[in-house]
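Because the structure is predicted, anything quoted here is derived from the model rather than measured. Order of the sequence lines sets the chain letters (A, B, ...), proteins ahead of strands, with each chain counted from 1.
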Amino acid sequence: MNPISSPHAHGARSVGRVMLLVMLALTPATLAGFWHFGWPAVMLWCVTILTALFAEAFCARMAERSASAMIADGSAMLTGWLLALSLPPWAPWWIAAAGAAFAVVVGKHAFGGLGQNLFNPAMAARVMLLISFPVEMTQWVAPQATDLPPLAALGVTFGGNITDAMTSASLLGHVKAEASRGIALSQSLTGFWDPQAFGFGQRAGSLGETSALLLVGGGIFLAALRIITLRIPTAFMLGVALPAILANFLAPDSYLPPLAHLLTGGVMLGAFFIATDYVTSPSTPLGQWIFGLGCGALTWIIRTWGAYPEGIAFAVLLMNSAVPLIDRATRPRIFGRRRDGHSLTAP
Amino acid sequence: MTMPAFSARSTLRRLFQRWGAHPEGRKHPAADTEITPLPLPAQLILPLAQHIGAPARPLVQAGQQVLRGELIAEAQGAISAPLHAPTSGRILGIAEVPVPHASGLSGPAILLEPDGLDEALPPEIADPFMLEPADIARRVASAGIVGMGGATFPSAVKLALGQKTRIPTLILNGGECEPYLSCDDRLMRERAPEVVDGARIILRAIGGERAMIGVEDNKPEAIAALREAAADLADVEVVTVPSRYPMGSEKQLISWLTGREIPAEGRPADIGVMVQNVGTAAAIHRAIRFGEPLTRRIVTVSGGAIRTPRNLEVRIGTPLSALVEFCGGTTGTVARWVMGGPMMGLAIRSLDIPVIKGSGGLLALVESELAALPEPGPCIRCASCVGACPIGLMPLDMAALIRNGDLKASVDIGLKDCISCGTCSFVCPSQIPLVQYFNHAKGELAAQDRNRMKQDAIKQLVEARESRMEREAREKAEAAARRKAERERAKAAAAQAAAAKSAPATNTEETTA
Ligand code: SF4
Ligand code: SF4
């Protein structure tokens, strides 16, 4: 091959820059999470990211590549960041560490490193944690608990000093528990469901999932810079909302209203930041629509009929496994050819 | 039939066509400078292969004196182009020289030493609207005109198509979507009437009905000049197209202007369209109106390391070093010399290479303009390349298949449809050399095809030889059998004759009875 090939110019976009912009877009929602859940959330975020970076460096060393160069692309930091945002904010430090290490080592490098993994590393880690440590992974706190001094916060994150008095329930968990006791939705939702509070994040939930509006803002920022397209997020929300509207219309006492679905359990985080992960989502426009719809619909199905109150992580992983198939089936039409590959004919 | 250029369907298509990239234009300051003629260099180097097709065959010998415009090498075969002396002077000979070609190889060239007088042959002037269309094509052929946008396909071969197929629409390509280059821009600004007249001559040659001149919207002066030149003409329309790479690619420009796609296995003529570069139109104008063969062209000399970037009108065959010198030489370190534009141009190592008919630019790029990473990164499946590809291919998948050595699978998903525009490589955040993979694979496939053809030919030869030998053997045997039979017949006849001699009377009687 000719060692110097055209083009003799390149776009300004680089992998590091892309990752940096995604992290920038995540910052407002993350800060909101810190604000609502206090110092333990900050510490959890730090532990997750540091562990992810450490794991990346370790894997680079094992592969005899430059650790600093590998870390510089920002992908490990972003994986850690996304995982942190999907954890209960007062989870103990070892949950964060185990999750981040799993995400980077098993979720990414076991598949061959950046670009090779089939499953979203952060979601793979979240599911692993949920299955292995169901108690710690479903221990939520109400956002009012911000007046915790840093020292006590150390106790929460590193000492596991979390008492029942501090905990609260997430909306989806609460509804599921009540439903299993035979209580109708109209009753269990009273006093629990306030769309306004949910838009800004004053509610129990994962660290970074609660401020739906800030997440949407970040997503639109990325779309405006053409880092992501809005195909997957739009399709994701449609996938959740359409069945929710239908079911809620038919049986409002058994099925949650669509807005409650959209604003809780990380749908916004999932739609804009997790399902849009380049590596584990389809690369064709049509495929992206299908993938988003699938993620959304599966989320609704799992939430409604599954054993777990939340469904994003499972839904995304399931759809991840279909990506190669989707990509193959939805290749764009080639210029001058019909969809089936035959050349157009002269008129 | 006129084309529905602004039908609802094509408007929709515009909305949904998101292909392409937006590289920084970097057209200035070169685009602001008037075309300046470059003085004659000490020597002209005229490669015999400056076009697609068979190389020209030289007609001159060392020591011979030639005049400007004199034929020095003739076209050979159906697709070829002749070569003319760009100035008067003495032929020094024919030598192997480095030529601007991707292979970096050398090729034969005629060397000409200008005498400084620049004496011309008496020109043959004609009014194109008195000429027969076939006559125009013939004159264009003998003027050695080829696609000046870089494709260098002999123009007359295209024009001749008009006699076989109905081609109502002519599109003049003034897109010039490559960054840096402004040679077409300057030509359209300063010589718009020549371009427009060229368009009308081509229309006459192909029996076309209307011409559209497509110009990117980053060249408002050119658009204004062309509009003025075409103001009173009903059959020439100047159309603005958005600045986007690769808008200047034939397929994209046609689809944008007419809403129609060239069939993947067809030609523009199949949908009634022909595309010519604006520079080619101007050259045709000069060839027909003034009998001037193609012996010079406009070249943009630019790039961060050129002291005074500008547009020069250069005799074909001028060594690149003369252009650089005229532009004040270089400042700072040149990271890469490029012939053509940065998107599809050729990296060159020596400035001894001459300007040929298809060279529109010479760039001296500095490191920061290349914006190259030290090495390509892994594919993060960001799909930027998918969105950018104007042809609708999946560059990431094609590259992965080629890397695995599975050329066939990459052909199955469209490798042969790739136009090598390099947009995918340009947008890739990991700077994976995608187009390089594709060009390499296409070369490989072409080599395989050639090999197969060669083998087929050998097989045919062997088979022909075998069947010939068989036939000869059979014929020999047959001949032998025939001779034997004849001998026997002769023997029998002789015996009979002998017998008849012994009893002639009875025998004769018997026969006559
Ligand atoms: S642009 Fe580069 S990194 Fe992105 S999908 Fe294409 S090849 Fe992969
Ligand atoms: S070089 Fe080929 S694959 Fe890449 S963008 Fe151009 S046509 Fe598409």
Side-chain angles (χ1 to χ4, degrees), chain A residues 1-19 69-70 72-73 75 112-118 226-229 231-232 276-285 287-288 323-324 327-328 330-339 341-347, chain B residues 21 23-24 102 104 179 251 255 260-266 270-272 336 338 340 342-347 363 365 369-373 377-384 386-387 389-394 396-397 413-414 417 422-423 425-431 433 435-437 439-440:
Chain A
M1 271 200 223
N2 183 353
I4 309 173
S5 156
S6 58
H8 312 288
H10 283 286
R13 189 171 287 185
S14 70
V15 176
R17 201 178 146 115
V18 168
M19 302 288 172
M70 207 183 265
D73 70 25
S75 69
L114 182 61
Q116 303 291 316
N117 47 303
L118 183 60
R226 302 232 173 164
I227 302 289
I228 60 169
T229 69
R231 291 184 203 115
I232 292 177
T276 52
D277 170 41
Y278 290 151
V279 177
T280 56
S281 64
S283 26
T284 67
Q288 289 170 351
V323 164
D327 261 347
R328 209 163 323 132
T330 58
R331 267 188 215 116
R333 184 181 70 83
I334 295 175
F335 190 99
R337 292 186 186 277
R338 298 196 311 242
R339 263 213 172 275
H342 287 287
S343 174
L344 296 177
T345 45
Chain B
E24 253 180 80
K251 293 184 176 190
S255 136
R260 298 167 127 196
E261 288 183 14
I262 311 175
E265 282 150 25
D270 294 338
I271 55 169
R336 195 174 299 171
V338 174
M343 298 299 284
M344 289 184 78
L346 188 69
L363 308 178
L365 301 176
E369 289 172 297
L370 294 174
L373 293 177
C379 171
I380 57 167
R381 296 181 36 85
C382 68
S384 305
V386 180
C389 176
I391 301 298
L393 302 175
M394 303 266 292
L396 76 165
D397 289 348
I413 63 169
D417 290 278
T423 317
S425 298
F426 177 84
V427 298
C428 178
S430 285
Q431 295 196 3
V435 68
Q436 195 175 346
Y437 279 116
N439 287 339
H440 174 75

* Let me see the working for B/Met394 and A/Thr284 under side chain to side chain contact (heavy atoms under 4.5 Å, CB included), right down to the final yes or no. => CA-CA 8 Å; B/Met394 303 266 292; A/Thr284 67; 3.4 Å; yes

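Residue contact with chain A, scored on non-hydrogen atoms closer than 4.5 Å, involves the backbone and the side chain of B/Ile391 alike. At a 4.5 Å heavy-atom cutoff, the contact between B/Ile413 and chain A is made by backbone and side-chain atoms alike. Both the backbone and the side chain of B/Met343 come within less than 4.5 Å of a heavy atom in chain A. Proximity to chain B (any heavy atom under 4.5 Å) is restricted, for A/Ser281, to the backbone atoms N, CA, C and O. With a 4.5 angstrom heavy-atom cutoff, B/Cys382 touches chain A via backbone and side-chain atoms both. Both the backbone and the side chain of B/Glu265 come within contact range of chain A, judged by heavy atoms closer than 4.5 Å.
Shown here for B/Gly414 and A/Ile334, the closest heavy-atom pair between the two residues is CA-CD1, 3.9 Å. Closest of all the heavy-atom pairs between A/Ser283 and B/Val386 is O-CG1, 3.5 Å.
A salt bridge between A/Arg338 and B/Glu261 is absent, with no side-chain N of the basic residue lying under 4.0 Å from a carboxylate O of the acidic one. One finds a salt bridge joining B/Arg381 and A/Asp327 here, because a Lys/Arg side-chain nitrogen approaches an Asp/Glu carboxylate oxygen to under 4.0 Å.
Scanning for side chain to side chain contact (heavy atoms under 4.5 Å, CB included) contacts around B/Pro390 gives B/Trp19, B/Pro246, B/Gln252, B/Ile419, B/Cys421, B/Thr423, with sequence neighbours left out.
Residue with the most contacts toward chain A among B/Gly345, B/Pro179, B/Cys379, B/Ala383: B/Gly345 (heavy-atom pairs, distance under 4.5 Å). Chain A forms more heavy-atom pairs under 4.5 Å with one residue of B/Met344, B/Glu24, B/Arg336 than with any other, namely B/Arg336.
No donor-acceptor distance shorter than 3.5 angstrom exists from the side chain of A/Ser343 to the backbone of B/Pro263, with no hydrogens or angles considered.
A distance of 8.0 Å separates OG in A/Ser6 from CG in B/Leu346, rounded to the nearest 0.5 Å. Atom NE2 of residue A/His8 and atom OG of residue B/Ser425 lie 11.0 Å apart, to the nearest 0.5 angstrom. One finds the OH atom of A/Tyr278 at 5.5 Å from the OG atom of B/Ser384 (value rounded to the nearest 0.5 Å). Distance CG/B/Leu393 to CZ/A/Arg331: 10.5 Å, rounded to 0.5 Å. Between A/Arg328 atom CZ and B/Asp397 atom CG the span is 9.0 Å, to the nearest 0.5 Å. The distance from the CZ atom of A/Arg13 to the CZ atom of B/Phe426 is 11.0 Å, given to the nearest 0.5 Å.
Between B/Cys389 and A/Phe335 there is no side-chain heavy-atom pair separated by less than 4.5 Å.
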